[in-house]
Amino acid sequence: SDYNTNKRHRSSDESQQRLPETLSAHRQLYERNFPLYKQPVEVGFFSLDSRRSFFNDQRQLRYYVQPRKSPDFNLRDGYTSRFVKRDDSVKEKLDHLLQWILANRDKIQTRDQTPSSSALGVDFVTWRGHLTKVLTTPYETQEGWMLAASKFRGTIYISEVETDAARENRETRSERQEEMMYWGYKFEQYMCADNVDGTPDPGGVVNTNEAFCTVVQTRLADHKLLFSGEVDCRVKDPDAPPAPGCYVELKTSAEICTPKQQSNFHRYKLLKWWAQSFLPGVPQIVAGFRDHDGIVVSVETFQTSKISQLIKNEYNCWKPTVCMNFCSDFLSFIKSVVKEDDPRLVYLFRWDPHRDVTYTVHRDSPFTILPDWYIKDIKS
Ligand code: 0WD
Ligand code: CA
């Protein structure tokens, strides 16, 4: 019994004020002062093992190992023989993060909790990756998104829904694309040790079920956020700043040979890299530049906080303030729309390039975010 509307769906006892039905993503609308973004604080972490089982600990955390001057990394090595690929047709929604919340409710900071606030003391719970997509929206021209939102006990949970286009892409990937997706994980294996006193093992198996995720709390304008993101590794130095300050994001990218490639790297790739690492407060990004045959030709470190300076010479380039203001306004838009506190109701927000953000409402639909085991446990 799905219902679906772009118009009014408020019950008569709710505010008579007309709600905004859409949100523009035009970048010019978001060129104002940088909004408040509190330094993200790690409140916990969890691990997923080689079978994608949840562990409430840091067993999958790896350590960054600085490579030699001219590394000889072949990212194609092991693709056919030592690769276990996660089944990406399985949609896990927020499940692992919800598992973390149930096991660690006492660790969520409720310091400046206002009287009207929720049981968890946060306004939004989501994945970092979903927020990255929101941040880059004003500059995105290729891929749209769908984000489902439900309110439960005062907190709004946001979980991505795969678009038809994304599903089509996933199901029709070429053999070349499939292999290139492996390259990023192989680079991680060349760069990381399992133990603080260890060295990388390029002869081992790459298993993309394994993950270490940080859980952070922060505030964007008046939105209290709790989100989780996968972290590739940390620096070995025990005296390094506490997490997330000790974390390192690893990336691969095609080597840059022409001014045009350099410009595209600044305009598109650095935007995504910046947004992803800025959100959880990961201070450095180590990039492996590789040729067409998957050989790493250079390794370069980017300080997340310096990326916005790096791109300022680029004509008409992206601006962090636009990304953050759009995100803040989108979260306000969600709050204005998601009024009913009912986990069986899903508000599905949709954005397509060159369009406004719109939404539809669904009851007891396949979009439902919160599983019964979570609702029952929170209620008990
Ligand atoms: O169900 C979903 N729609 C998604 C689930 C979408 C994105 C992520 N996830 C899950 C994954 O289980 C992951 O462990 O959430 C966890 C944390 O994700 P995140 O950090 O919020 O996601 P994101 O920032 O997009 O990706 C971080 C890393 C990627 O590294 P690169 O350097 O390529 O950005 O997580 C990996 C990938 O290594 N990754 C994924 N792992 C599992 N499932 C996924 C995915 N769908 N997407 C990226
Ligand atoms: Ca990475």
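Atoms within each ligand, like the ligands themselves, are counted from 1 in listed order. In this text the structure is predicted, and so the values were computed from the model without any measurement.
Close contacts of ligand 1 with Glu249, meaning ligand atoms under 4.0 Å from a residue heavy atom, involve 32 (O). Here is the list of ligand 1 atoms found below 4.0 Å of a heavy atom in Ser228: 21 (O). Ligand-side atoms of ligand 1 in range of Arg86: 42 (C), 43 (N), 45 (C), 46 (N), range being under 4.0 angstrom from any heavy atom. Atoms of ligand 1 found under 4.0 Å from any heavy atom of Glu160 (numbered from 1 in listed order, with element): 3 (N), 6 (C). Near Gln276, meaning under 4.0 Å from one of its heavy atoms, ligand 1 places the atoms 23 (P), 24 (O), 26 (O), 27 (C), 34 (O). Annotation for ligand 1: atoms under 4.0 Å from non-hydrogen atoms of Glu92 are 12 (O).
Protein contacts to the Ca ion (ligand 2) involving N, O or S atoms at a distance below 3.0 Å are Asp232 OD2, Glu249 OE2, Leu250 O.
Contacts with ligand 1 closer than 4.0 Å are made by no heavy atom of Thr132, backbone or side chain. Residue contacts with ligand 1 for Arg52 involve side-chain atoms from C-beta outward but no N, CA, C or O (heavy atoms, distance under 4.0 Å). Proximity of Phe227 to ligand 1, defined as any heavy-atom pair under 4.0 Å, is not found for any part of the residue.
Listed by first and then second residue, the side chain to side chain donor-acceptor pair (under 3.5 Å) pairs involving residues 271-281 are Glu140-Lys272, Lys251-Gln276 (not counting sequence neighbours).
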For Thr368 and His362, run side chain to side chain donor-acceptor pair (under 3.5 Å): C-alpha distance rounded to whole Å, both residues' side-chain angles, the deciding distance at 0.1 Å, then the answer. CA-CA 8 Å; Thr368 300; His362 309 259; over 6 Å; no
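When the heavy-atom distances from atom 4 (C) of ligand 1 to His130, Lys91, Glu188 are ranked, the shortest goes to His130. Counting heavy atoms only, Gly129 comes closest to atom 25 (O) of ligand 1 of the residues Ser47, Ser277, Gly129, Gly229. When His96, Lys251, Arg128, Glu230 are ranked by how near their heavy atoms come to atom 24 (O) of ligand 1, first place goes to Arg128.
In summary, Arg219 and Asp123 do not engage in a salt bridge, as defined by a charged side-chain N under 4.0 Å from a carboxylate O.
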